[in-house]
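What follows is one structure encoded as structure tokens, with my remarks underneath.
Labels below follow one simple rule: chain letters A, B, ... track the order of the sequence lines, proteins then strands, and each chain is numbered from 1. Quick caveat: nothing in here was measured; it's all calculated off a predicted structure.
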Amino acid sequence: EEFLAKFQARIDREEKIEPNDAMPNGYRKTLVRQIGQHAHSEIVGMLPEGNWITRAPSLRRKAALLAKVQDEGGHGLYLYSAAETLGVTREQMTEELLSGKAKYSSIFNYPTPTWADIGTIGWLVDGAAIMNQIPLCRCSYGPYARAMIRVCKEESFHQRQGYEILISLCNGTEEQKQMAQDSINRWWWPSLMMFGPHDAESSHSEQSMKWKIKRFSNDELRQKFIDATVPQAEYLGLTVPDPELKWNPEKNGGKGGYDHGEIDWDEFWRVVKGHGKMNRDRIKDRKKAWDDGAWVREAALAHAEKRAARQTQHAAE
Amino acid sequence: EEFLAKFQARIDREEKIEPNDAMPNGYRKTLVRQIGQHAHSEIVGMLPEGNWITRAPSLRRKAALLAKVQDEGGHGLYLYSAAETLGVTREQMTEELLSGKAKYSSIFNYPTPTWADIGTIGWLVDGAAIMNQIPLCRCSYGPYARAMIRVCKEESFHQRQGYEILISLCNGTEEQKQMAQDSINRWWWPSLMMFGPHDAESSHSEQSMKWKIKRFSNDELRQKFIDATVPQAEYLGLTVPDPELKWNPEKNGGKGGYDHGEIDWDEFWRVVKGHGKMNRDRIKDRKKAWDDGAWVREAALAHAEKRAARQTQHAAE
Amino acid sequence: MSAPLFNALLELADDHLILGHRVSEWCGHAPLLEEDLAMPNMALDMIGAARSLYTYAGEIEGEGRDEDQLAYLRYDRDYKNCLLVERPNEDFAHTMLKQLYFAAFMHPYWEAALQSSDETVRGIAGKSVKEVAYHIRHAGEWVVRLGDGTEESAQRMQDAVTELHPYVEELFHMSADAQAAADKGALPDREAMRAQWTNTISNVFDQAKLTMPEVEYPQLGGRTGHHGEEMGHLLSDLQYMQRAYPNMSW
Amino acid sequence: MSAPLFNALLELADDHLILGHRVSEWCGHAPLLEEDLAMPNMALDMIGAARSLYTYAGEIEGEGRDEDQLAYLRYDRDYKNCLLVERPNEDFAHTMLKQLYFAAFMHPYWEAALQSSDETVRGIAGKSVKEVAYHIRHAGEWVVRLGDGTEESAQRMQDAVTELHPYVEELFHMSADAQAAADKGALPDREAMRAQWTNTISNVFDQAKLTMPEVEYPQLGGRTGHHGEEMGHLLSDLQYMQRAYPNMSW
């Protein structure tokens, strides 16, 4: 009781919680789940974009895409490290991902059938990720907050790059414009779903807000995203695939904002439960990489042990 | 002694030797080696052409190529069956192929980098094969002779088809003509090598001639092939890549024929010994198919046994 | 009528082209020589049907597109094949099951199409119905052998069932174009094949000791060109020559 | 001079493009996360060098071809990369060994190129020499770990050596164009890298407990566009967009 109150007081003072600090079990568990899920999303997120590395339409775009996918791996690495400060290993987390116990962002269960998707993912998906992540830079858990600062900086670079790909398409031929429009048609709604269920349906939200792991509600962030993104779509000359989308000057306390249509929550839950187009392929790919790589990891370990043994022996001689 | 003389007398009378007939060990061994090698060539020969099935430039050509590669598998099947009449199993032969103990035609160790190669293989490689095989239709060993009759009929259909592919290319654009010329540049000499070393260097020839397994010498068949093929190249408007090639009216006992340049025997032996561009890939592909398929063959066997056991039980009830 | 029939024919043609492509990938790599003959044989049937269907679709469209232009010169999002046929081959169990699922649908479909109001469709159906009967037999026998073979083969077969079953529903799905073609009597109603399909598969599964899974969420989308990622790589091989050497005769 | 230098630059550029392509195929599929970062990193270096080399080759040629036209719009037989770089990835042992073999050649090559008579070549060399030093270190460490790791890894590593060693000689092979460029002092003599290459590799092999095989018949032909069959499939993916959507900006 007293401990919890003291802990909450630290949180309320905006003090950062650090790995060796005492913390409530629920706080630790929430963070392990959330950071792990976030790390997995970065790792699985390498796949839909990785799908276009060998087919990128120009060397410049190929290099940028390689760098981007590499950055995602890097984010995964920081995030696993942040989670490890809470006493869970990367191996444990990986096994939970591969067994389906741990989740990752559902957005990566949509396929990338066209090159335009590389642009759209940067623009919309990374854009939505940034909206979610900027508040996390002030998260009460220090290692997570610090990882997010670095991640957010790179993500906004990715977002600009993605938008720039779409600018090229929208300044291009009729086929290219169609490719861009088709891509936004497919990604718009899934991007909105990235903010999670409506506040009323969101199970973990309230406690997370109190602990300052989360600072804005799902619906608030979603609205911010829409308001920021619709004008960008207009600039591209693309149509947002929501017939109910309409400027509402009353919204956001009189600053104005967009009213929008309802999200297809059946689809949302279907994909979360594992029935999206790519769920099974994503896990299969990761599992294959992990299983095929077992001998490499074992060899690295065996070699390190041999080397250590030799050094001990050498020192003893 | 007496047996050998009697056997030779049968051969000399052009009697067919059949599976249950007594035969000299050397005769059996020569046939097992030759038929096995021939069967393996059909099987490995599926790979260079199979390389273009998924990329054939039209549906008509794709269907024809599928049918052709299927025919090659069929030839492999007859030939393995013919060899099995001599007391060797398909498994034994396959293992000898995969271990490198048994050979297959060296021509299949050349790659097929372009679509034109599908035409050239039909025209030159199948053409050379037919030259080699027509005399085998009269081979002294009955099952082999009968298999070859069927094979030769299909091969000449393939040869026409291959030539027809080249006609399309040579009636086509500049790129297509170049593709055809490049292909004949690469395949001409290897096709000539298909007839084997010069008669003087050919180790198995003399006894095989006596036993009527072989009826013409390597050099005779090669000359026939050149004389038949050069006019076909001319008709296509393609240049045979042999600057020493020249019509010689004295040749072939005054009927005329082509003088030609010397074959690069170093290359011939290099490829025979396993150092051609594709030798390792070919065996690796076949080995992978065989190893990956082990569980299927085991399951088929297990199922057949279960079924047989059930039928026995059923009959007993 | 012509646009719906054109599209409905493309659905059928794309199914055959893409499944034919997948089976043909085995050529020279089969687990036993007999299958190195049987698989190209099935591929040939599929490609043959695709050719007739594309040719007829091109005539219906009336814009001078021939079989090759329709087969090779569209983009990923324009192919209308169901998702089942584009799934990667994985292992021999997957391949045979996929073939069985498709053939068990096409057999009653072509039988019904023998009564089509469209003469060309009747002709294609007459040829195809016999071929597909052989596919059911051949693939079905393998599903039985593998399902009731060794422990490993049974496991692989059951894994294939789990993986491929969610793609079955799309076979029965009627696009608006398919519906319009059915309303005119030109092509059969796909929904009507369900009983026969289930009957064929149950029969095989009984012998194969396999259990038919419940599918909560079927995988749809192929008919509107929403394909998986493997499709693009299939197309880059399929289209290579036509794309790299445009407007030539082969 | 311009044609030989153009061709010699293409040899180099194609080596980098194709090896970069091969390493990049690992992206998202590496055996451990650290390698999911290291491999795209190496791929980026390779693609970066390829871009500079193609751009410069295009300038030398003077027909207005840019890096993308040179990288994407040639046929199989026109690519001049050595055969080593196009070999399939197979497993991680193959991949690291291939990278080591190539980097152990390129390091002294770029060092020598720092003395080139050609300013642009000097510039490319200056950037690349540092990158390649890292590739040697990174790939070399893995070759040691795997060669002196478990029984399985040692076997895989030795298999990779047996398979890839015949492709090494081509690194030192001088095409007529490379010779002409060397004679002018624009590019180094490839043959001159042999001692350093052998030294680097022997060093790694000693630690990795690997034996260097004798190669009776080296595999040559890449410089004259005589590639293996895997190359065509690599190109159908590589070129897909440029072929399917010609003359567009991306």
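Atoms OH and CG, from C:Tyr217 and A:Asp266 in turn, are 7.0 Å apart once rounded to the nearest 0.5 Å. Taking CG of A:Asn51 as the start and CD of C:Glu230 as the end, the distance is 8.0 Å to the nearest 0.5 Å. Atom OG1 of A:Thr54 is separated from atom NE2 of C:His233 by 5.5 Å, given to the nearest 0.5 angstrom.
At a 4.5 Å heavy-atom cutoff, C:Leu235 makes no contact with chain A through either its backbone or its side chain. Residue contact with chain A, scored on non-hydrogen atoms closer than 4.5 Å, involves the side chain of C:Glu216 exclusively. Residue contact with chain A, scored on non-hydrogen atoms closer than 4.5 Å, involves the backbone and the side chain of C:Glu229 alike.
Surrounding CZ of A:Phe157 are at most 12 heavy atoms belonging to other residues, nucleotides or ligands under 6.0 Å away. Counted within 6.0 Å of CD on A:Glu262, heavy atoms from surrounding residues, nucleotides or ligands total more than 12; the atom is thus considered enclosed.
Not counting sequence neighbours, A:Glu155 has no partner by the salt bridge (charged side-chain N to carboxylate O under 4.0 Å, His left out) test.
Residues from residues 273-290 of chain A that place a non-hydrogen atom less than 4.5 Å from a non-hydrogen atom of chain C comprise A:Lys273, A:His275, A:Gly276, A:Lys277, A:Met278, A:Arg280, A:Asp281, A:Arg282, A:Lys284, given in numerical order. Close approach to chain C, defined as a heavy atom under 4.5 Å from one of its heavy atoms, is seen in no residue of residues 91-106 of chain A. Contacts from residues 113-120 of chain A to chain C, taken as heavy-atom pairs separated by less than 4.5 Å, involve A:Pro113, A:Thr114 in sequence order.
Side chains of C:Arg77 and A:Gln178 form no contact here, defined as non-hydrogen atoms less than 4.5 Å apart.
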